[in-house]
Amino acid sequence: MTADGPTPAGGAPAPSAGRRPGSAARERGSSGFGRYLFKHVSGAAVSLLLVLFSSFFIFRLIAGDPIDQLTKERPVSPEERAALRAELGLDRPMWQQFWDYITGTLTMDLGDSFQYRRPIFDLIVERLPATILLSGTGMVLAVLLGFWIGTRSGWKQGSRFDRGHVATGLLLYSAPTFWLGMIVILVFARYLGLFPVNGMRSPSTPPEFWPQALDIAHHLVLPVLTYTAVVYAGYLMIMRSSILDEIGNDYLTTARAKGLRDDQVRDRHAVPNALLPTVTLVFLAIGGVVNGSIVTETVFSWPGLGSLFVQAIFYPDRPVLQALFVLFSASTILAVLAAEVLYWFIDPRIRKS
Amino acid sequence: MTLLEFRDVHVTYTGSRGRIPAVRGVDLKVEAGTTVGIAGESGCGKSTLAMAVLRLLPKSAEVRGEILLDGEDLLRMGWGRLRAVRWTGASIVFQGAMHSLNAVQRIGRQVAEPMLVHDKDLSPAAAAKRAEGLLERVGLPPSRTRSYPHELSGGQRQRVMIAMALACDPDLIIADEATTALDVMVQAQVLQLISGLVSERGVGMVMISHDLSVLSAVCDTAAVMYAGRIVEQGPAHEVFAQARHPYSAALGAAFPVIGDPAARLRPGGLAGDPPDPARLPEGCSFRPRCAVSVERCGEESPELLRIEGARSSACFVAQEGEPVVIG
């Protein structure tokens, strides 16, 4: 759920059907793309339904009676409890609550938050831009940086560049996000005083567009730095091993024999082949932009979905948890689906003539 | 005119098992407009020799001697000059065309790529046009430029490799097991295409194969390699018809003759394996598998010496004028 990035050991999902000869062969049917699309769309639909169902039950199982939690440390009469229960719709039978939940979620009516007493849909719409700004920027930087370094690292395996970058990347990767975030705050905000410590904007900033944009950018630097530093090594290691898989291949000897420079052999021939198995990963990253980085948002008090999720856990705000669980899962499932569809167009081996 | 000349070329790989000599002192000349065949078992060093020409061997390989292309030593060239010579001076038709082509690039782009690399003034459109022309020459429809390698059959891919090798009008073409993976009918087509190119364009050709029937059909001269050395050399049809080295004789006998019932009963092939290049036997490296060896073979290694006309052999028995086949 809190997909902060791929694991360097290759723990990320297998690079999809693209490289498996078996499944490629199965797609060789009469209406190739139609069947391919149907297979993957139906798979995604089943996953989405499972997420929808399990979200309803998981949070009812792990969190106890919400009325107890909402009224704790306060003396309340049984009448008040019953009134609260009725107000939150918890007095109705389970099957009816389930039905309301399913139909509500499918029509974008996610119910009200216990904590804010407002529609959850509005809360999500309000906080989504902040999350997309932070983890979107961080993700793009991490993927670009990781792939750039990973390509060069793998191409010159064992060189000083390779050893240095792998060591640095893994050190940052294994650092706990909250710890790294605090170091970053200490150094850049406390001692050097270069950047604000938390939040997304300062109250004193003029309301015009440019001052606001600059202020947000100023607040964005440290969280993005932290997020990128923790995540990029995963992309580095995966691109590196993907390049290493290509290095012994004959088509690179052909390219060299043709008189291409070493960097041309790498960029024109090795990289396009090495990128193929990483497409799923990049789409997972895009899907992960929505759930963002829960820890980074918390450390920097960033007003996004991640900190909303953490608040909802502590409250506990069951409808919000339920809705975010579905949202986070759906974004990942849809991103993987998009990757599968894209493979059809970029990997010529999937669609057989 | 001598196009390509190997002068005392040695290739040594350094690996976990120490230094392994793969090629041990090869001298060979290729004249323009002729085809030279190199035959031998797997591991005899023939592909290593081919890859050494354009310096495509891995870093672990050390190449000594001289490889002259048009009089210019390839082994002492700067990288810039070497890149300029690659594909324009000499090109290679690689074995295993499936893996030698980039799977995610269209055929046309791969054929046109060397033209654009070597001719900065050439427009991509003109290069694409020329790529179509090359495919037509090897008998593929020009529309195939838009195909990906997996969309072609093995024979078509091999023809793409040949078209690609012609892209920059090289003086020398090295065909490394270019037809080995093809079925016989396609092989015949490809061989015809190759020999046509040599005769009409006057290019030099080095043809590497373990298939003697292929070599004798196409080559003017043939060299037989064993354990990193040339053991016999001469006009191709003579070498294969009447071997002057017991190894060439065994190589020839290993191929069945269609329609000859006696061939089925004759003991063909050769007992034992080629020697481990890390631990070569003392004296002649073929001695452990040789039926006609004499005492001297265990003491010194025979040089490749001219025995008669254009034929040379590295066998003491043949050099004495004795037959190399028993019976």
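As the structure is a prediction and not an experimental result, all values here were calculated from the model. A note on names: the letters A, B, ... follow the listed sequences, proteins ahead of strands, and every chain is numbered from 1.
Heavy atoms of other residues, nucleotides or ligands lying less than 6.0 angstrom from CZ of R76(B) number more than 12. The neighbour count for R109(B) CZ, taken as heavy atoms of other residues, nucleotides or ligands under 6.0 Å away, does not exceed 12. Open room surrounds CZ on F38(A); 12 or fewer heavy atoms of other groups in view lie less than 6.0 Å from it. More than 12 heavy atoms of other residues, nucleotides or ligands lie within 6.0 Å of CZ in R201(B), so this atom counts as buried by the packing criterion. Within 6.0 Å of atom NZ in K59(B), 12 or fewer heavy atoms from other residues, nucleotides or ligands are found, so the atom counts as exposed in its surroundings.
The structure places CG of D250(A) at 8.0 Å from CZ of F94(B), a figure rounded to the nearest 0.5 Å. Distance check: L116(B) CG to K258(A) NZ gives 10.0 Å after rounding to the nearest 0.5 Å. The OG1 atom of T253(A) sits 10.0 Å away from atom CG of L57(B), with the distance rounded to the nearest 0.5 Å. Interatomic distance, H118(B) NE2 to L260(A) CG, rounded to the nearest 0.5 Å: 7.5 Å. The CZ atom of R83(B) sits 9.0 Å away from the CG atom of D262(A) when rounded to the nearest 0.5 Å.
Comparing M164(B), R106(B), M51(B) by heavy-atom pairs within less than 4.5 Å of chain A, the highest count is held by M164(B). The most heavy-atom pairs under 4.5 Å with chain A, out of N102(B), V117(B), L56(B), I92(B), come from N102(B).
Between the side chain of T254(A) and the main chain of S100(B), a donor-acceptor pair closer than 3.5 Å is present.
Of all heavy-atom pairs spanning P272(A) and V104(B), the tightest one is CB-CG2, 4.1 Å.
Interface remark: E113(B) contributes side-chain atoms only to the contact with chain A (heavy atom separation under 4.5 Å).
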